[in-house]
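See below for the structure under consideration.
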Amino acid sequence: METYRALWVTETSEGKFERTVCDLPAHQIPDKGTWIKVRYSALNFKDGLSASGHKGITRKFPHTPGVDAVGTVVRCADGQFQEGDVVLVTGYDLGMNTYGGFGQLISVPSEWVIPMPAGMSELEAIVLGTAGFTAALGLYQMELNGQNPEKGALVVSGASGGVGSMAVTIFASAGYEVIASTGKSHESDYLKSLGATSIISREEMLGHETRPMISTRWAGGLDTVGGKTLESMLRATGLYGNVAVCGLVDTPEFSTTVYPLIIRGVNILGVASAETEKSIRLKVWEKLAGPWKPKTLDLIHQKTIGFDELNASLDDILGGRTRGRVVLDLWK
Ligand SMILES: NC(=O)c1ccc[n+]([C@@H]2O[C@H](COP(=O)([O-])OP(=O)(O)OC[C@H]3O[C@@H](n4cnc5c(N)ncnc54)[C@H](OP(=O)(O)O)[C@@H]3O)[C@@H](O)[C@H]2O)c1
């Protein structure tokens, strides 16, 4: 490929950011060893931030966002992949300070590249993407630490969000009862269709308790919210339960007493999907293609767009108007 089409985010002399779709010379992409012709990307909140010039995500512009990419290997310098191999890349520095999946061509270190797991289509992989991988990584860590469906239900906060809805469907596929906590009562039917066994409102999740521990309400959970939500989750987690912490949509702060930890043996597990080492990524993707494969990905896959709709869809994700996953077909 001599040229490739990409979203190109540029900074003007007034410090504003502009998004254009243009054809760019392939030789301007820094060579990181493995070249991939991208078939699909998907929209994440982080991509919206990068596409708006958020310097905490992307330091230098012009830039092409896109933290998720699925496609075909064109060339691999260290021979770890062959031309034509179907692969996926999520996280690491992709789309942050490395040109990302909103371009038809990327170059990344082979360490970042995951062979497409047997039994998973390109579309399924991109619908899962970073959101699905993060939810599954949370469950992987919990199970390493002794969680299993016999211990009882898992609670998911921010359940209608990208990571939350993936967690609901993946945990249900893995055999767990799932309690979905949501601020949107109108999403109850959607969450039940994804596999939630019960729905609680944000207020119910928080309760009015100030005691350090209350009667057990769940055996573990995944928190995307932080703050009082996480505090309430810990307070009501059962004996030797695990709480996987992955997000901060409310606040990065939380406070707790040590009682849930020293009386009930509750574990707080951190989830850092972008930096996860490859050996663990391979295991988690194998689970996602096998026993944890969500049965309801088609419900989470909201739509597939082309470059012509990308700008508006990025504004939607930043404005909180997106439900589920929006896939970008780079060749539509
Ligand atoms: N650690 C990692 O590796 C990793 C990877 C990916 C994402 N994340 C983080 O995970 C979090 C969720 O990401 P996402 O992509 O799922 O975001 P999202 O799609 O925007 O979903 C967030 C959900 O949280 C709930 N929510 C929003 N504001 C809230 C508030 N003030 N209080 C309580 N709940 C609130 C809403 O769900 P309901 O209305 O259903 O409650 C919302 O849909 C973010 O903080 C993101 O940075 C972390």
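Indexing begins at 1, ligand by ligand and atom by atom, following the structure's order.
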**Q.** W8/Y99 aromatic ring centres below 6.0 Å
**A.** yes
Protein residue, atom and distance nearest to [atom], heavy-atom basis:
atom                    : answer
atom 31 (N) of ligand 1 : D250 OD1, 3.7 Å
atom 20 (O) of ligand 1 : V249 CG1, 4.8 Å
atom 42 (C) of ligand 1 : K184 NZ, 3.9 Å
atom 48 (C) of ligand 1 : C246 O, 2.8 Å
atom 30 (C) of ligand 1 : R202 NH1, 3.8 Å
atom 6 (C) of ligand 1  : T134 OG1, 3.7 Å
atom 7 (C) of ligand 1  : V163 CG2, 3.8 Å
atom 19 (O) of ligand 1 : G162 N, 2.9 Å

Q | Beyond-backbone contact of E111 with T34, side-chain heavy atoms, under 4.5 angstrom | A | no
Does any N/O atom on [X] come nearer than 3.5 Å to any N/O atom on ligand 1?
X    : value
T182 : yes
V271 : yes
A272 : no
T130 : no
G183 : yes

Check the side chains of [Y] and [X] for a donor-acceptor pair under 3.5 angstrom, ignoring hydrogens and angles.
X    : Y    : value
S110 : D78  : yes
Y176 : E150 : no
T304 : D329 : no
S160 : K184 : yes
S157 : T229 : no
S279 : E277 : yes

Show the atoms of ligand 1 that are less than 4.0 angstrom away from any heavy atom in [X].
X    : value
G247 : 9 (C), 10 (O), 11 (C), 45 (O)
V225 : 32 (N), 33 (C), 34 (N)
S273 : 2 (C), 3 (O), 5 (C)

Q) Within 4.0 Å of atom 11 (C) of ligand 1 (strictly less), any protein heavy atom? A) yes
Q) Below 4.0 angstrom, N of the basic side chain to O of the carboxylate: do E209 and R211 qualify? A) yes
(Q) For E231, is there an ion pair with K228 - N to carboxylate O distance below 4.0 angstrom? (A) yes
Q.
Does the residue T229 have a heavy-atom contact with ligand 1, meaning some pair of atoms that are separated by less than 4.0 Å?
A. no
Q: Enter the distance from M166:CE to T130:OG1 here, rounded to the nearest 0.5 Å.
A: 10.0 Å
Q: Using the salt bridge (charged side-chain N to carboxylate O under 4.0 Å, His left out) rule, pick out the option among R19, K55, R59 that qualifies with E11.
A: K55
Q. Counting heavy atoms only, which part of A159 comes closer than 4.0 Å to ligand 1: side chain, backbone, both or neither?
A. backbone
